[in-house]
Amino acid sequence: MSALDPNERRLTRALYRAGIRPHFRWRELRLLLVVAICLTVGWVSLESFRQGQIAIGDAALLAVYLVALGVIHVAFVVTGRRMDQILFPTAGLLAGISLLVMNRLPQNLVVQQVGGMELPLGPLQLVWILLGFSLLAAIAIFVRSDGWLRRYKYTWAAAGIALLLLVFVFGSVVGGARLTLHIGPFSGQPSELLKVILVVFLAGYLAENRALLSSGTTRVGTFTLPPLPYLLPMLAMWGIALAIVIVQRDLGAALLYFLVFLGLLYVATRRAMYVLYGIILFLVGGALLYVLFTHVQDRINIWIDPFADPQGAGYQVIRALYAFGRGGILGTGLGAGLPSVGDVPSIPAIHTDFVFAAIAEEMGMLGALAVLGLYLVIAERGFRIAAAAADDFRALLATGLTLVIVVQAAIIAGGNLRVLPLTGVTLPFISYGGSSLLVNGAVIGLLLALSDRGVEAPPPGVRPNAVVRAAQRARAVGGRIEEALS
Amino acid sequence: MDVFTLSLWALRIGFVLLIYAFFVVVARALWRDLRAGVAGAGRPLARLLVVGSPEGRPQAGTSIALDAVNSLGRDVNNSIVLDDSFVSADHALLTFRGRAWYVEDRGSTNGTWLNGQRVEGMAPLGYGDEVQIGQVRMRLERARPE
């Protein structure tokens, strides 16, 4: 940007001499400054409300987080990668809002023992955010080729299905859904990882068969269908989504996978008919599931009329609606909302599924819209990276990764607002949860790696003049004599 | 209303407004990108500087603007016509793919040479590299002199 700034030039020269080729990211730095100011103001507003006077309180968590953002920024600059400069601050602001909200919620919602220390909700979320962002930075800096994703797409798909089967067999049921896998002391939700594997596979498959899918046809009566062998993956995808709903009882993940798949299919083929067929398949499958399974019926019935059972099934949804109402346009302010019943918050899943309701109550419609706007910024950057990609695979991969984040945010925000039936997925970067933060960090990291425009071209070499060459030769001869003598 | 309540109100509204300030900074960056894209649309990606050409067509010292795909040869349908007696009708292809320039020989009689070495099939080249086609020697240069 300001390539002529003499200070920058002096710094660049010094770093070049040390073997470092920096690429300055002033735009990212400016955005990170806005993020830091914004989060600090938010923190002060929360602490002031708690203490009844203007105070910043113990801001160690916030300080650690802001320093971590700065460290990652410097790492990007020093490694000289020419990546997108807006994605990282946007993710940083989302995770920062998450840190504020988690710090504000009752700390005993989640308590975990880590090496003899008891970490409550706020610090625990910070640990996960830091791990997720470390993964983001590592992928953005070290991934220089997509060959390992491109070449082994069927292996990835097989690994994904194996993961799914593992959950089917060994998964433990938490909150009515068989999602969590325990391996030794670790537990995680593989469906989060599976969404990325799925995007990698679909990008590889569609990039390879794009031409056939978008040109060939099979006629069945008056309908024009895509060539049948290439339609099979679509049906397989549909089958997998159904299996997830039936066995895992995970409506959210199934909906996410299917929507991302339809989006990618449309981007790859530019044929709206495929999306239409997909929606028809979806409706048929949905109707089938509704008839056959009670947990699907429950979800739909709660969605249509939560007030039928206000103290039981509809409790959370109704509480969320009240929260949106209490928030109004400007919100109650951080710390002032969320009246609790006894010691627990009125919405039990306030830190995971209903975090959007918490934001809407305390930051108001203005704040909730701002959070949705941040996802739009991610969408804009992701699709731009896809449009500028060098080939089909990279374009589809970037599109899919963007869709995974944005569609997931839309599904859960819609569920909170009773626009869609409530399904249990996380709000990316904001909900509490290790698997979600790690995987979304990896997704943004991959997007950054895909947006890289290469290390800055080295300056043209200069042939050393005669004097320098003579000196070099003399030094080499001297070295050899020294070696021979010693 | 006392001072504390007022400043608390200002703080919480300020917090949300600062998120919108973030959007303003992002929008400004996008707007600048858009303007730069429009301004840079007509700019060539790079240029070829003719270093030596004994027959004088093109003349040595000529600077040729490059697109993403450039065909070189003696035939008039090439995007860069090299009217030299040692150049084939459809001689070579110079393309910009993703991040790098590539030169490709199109089965010419006398071959395409990159820094004094004959190009077999396709070879990547960087700024400052010299391509010889027939008797015409050309150097790949950046679009704007630095």
Side-chain angles (χ1 to χ4, degrees), chain A residues 1 3 27-28 30-31 33-35 37-49 52-54 85-86 89-90 92-93 97 100 330-336 362-371 373-374 376-377 380-381 384 389-391 394 452-455 457-461, chain B residues 1-37 40-41 45-47 49 51 68-69 95-102 115 124-130 139-146:
Chain A
M1 208 178 291
R27 190 175 279 182
E28 185 175 88
R30 203 171 310 141
L31 285 167
L33 279 179
V34 177
V35 169
I37 296 169
C38 174
L39 293 178
T40 311
V41 170
W43 188 276
V44 171
S45 127
L46 173 60
E47 286 297 326
S48 305
F49 178 83
Q53 60 185 34
I54 298 300
Q85 302 195 25
I86 295 176
T90 310
L93 185 50
I97 293 173
L100 285 182
L330 294 179
T332 58
L334 278 176
E362 304 213 323
M363 290 158 64
M365 192 182 83
L366 216 56
L369 281 181
V371 167
L374 290 174
L376 275 188
V377 172
E380 197 276 342
R381 296 324 287 175
R384 180 173 289 247
D391 63 25
R394 286 167 150 258
D452 180 35
R453 287 177 296 133
V455 174
Chain B
M1 216 190 266
D2 62 317
V3 177
F4 170 68
T5 320
L6 213 63
S7 43
L8 190 63
W9 189 86
L11 274 173
R12 73 179 168 88
I13 301 300
F15 169 50
V16 175
L17 287 183
L18 275 164
I19 305 181
Y20 286 91
F22 182 86
F23 291 134
V24 172
V25 180
V26 168
R28 266 186 48 196
L30 297 187
W31 176 243
R32 209 170 285 166
D33 275 357
L34 207 64
R35 295 262 307 264
L45 290 165
R47 58 200 179 98
L49 185 67
V51 184
V69 179
T95 49
F96 185 69
R97 305 184 179 192
R99 301 170 182 187
W101 286 94
Y102 293 89
N115 295 332
L125 73 162
Y127 296 111
D129 282 349
E130 201 173 284
R139 193 165 64 222
L140 185 70
E141 301 263 337
R142 286 173 192 284
R144 274 183 306 191
E146 282 173 280

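Chain identifiers are assigned alphabetically (A, B, ...) following the order of the sequence lines, protein sequences preceding nucleic acid strands; residue numbering begins at 1 within each chain. No experiment lies behind these values; they were computed from the predicted model shown.
Looking only at distances, no side-chain donor or acceptor of B/Arg12 sits under 3.5 Å from a matching main-chain atom of A/Glu362.
Heavy-atom distances place both the backbone and the side chain of B/Ile19 under 4.5 Å from chain A. With a threshold of 4.5 angstrom between heavy atoms, B/Tyr20 approaches chain A through side-chain atoms but not through N, CA, C or O. Interface remark: A/Ile37 contributes backbone and side-chain atoms alike to the contact with chain B (heavy atom separation under 4.5 Å).
Ranking A/Asp391, A/Thr90, A/Leu100 against chain B, the residue ahead of the rest is A/Thr90, based on heavy-atom pairs under 4.5 Å. For chain A, the option among B/Leu8, B/Val25, B/Leu17 with the highest count of heavy-atom pairs below 4.5 Å is B/Leu8. Comparing A/Thr40, A/Leu366, A/Val44, A/Val34 by heavy-atom pairs within less than 4.5 Å of chain B, the highest count is held by A/Leu366. Comparing A/Arg381, A/Gln53, A/Arg384 by heavy-atom pairs within less than 4.5 Å of chain B, the highest count is held by A/Gln53.
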Steps toward side chain to side chain contact (heavy atoms under 4.5 Å, CB included) verdict (A/Arg27, B/Asp33): CA-CA 12 Å; A/Arg27 190 175 279 182; B/Asp33 275 357; 3.1 Å; yes
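How far OG of A/Ser45 is from CG of B/Leu11: 6.0 Å, rounded to the nearest 0.5 Å. Distance check, rounded to the nearest 0.5 Å: OG1 of B/Thr5 to CZ of A/Phe49 gives 10.5 Å.
Listed here is the closest heavy atom pair of B/Val16 and A/Met363: CG2-O, 3.9 Å. Between B/Phe23 and A/Leu374, the shortest heavy-atom contact is CZ-N, 3.5 Å. Contact detail for A/Val35 and B/Phe22: the closest heavy-atom pair is CG2-CE1, 3.6 Å. In terms of heavy-atom proximity, A/Ile54 sits nearest to B/Ser7 at CD1-OG, 3.6 Å. Of all heavy-atom pairs between B/Ala29 and A/Ile86, the closest is CB-CD1, 4.0 Å.
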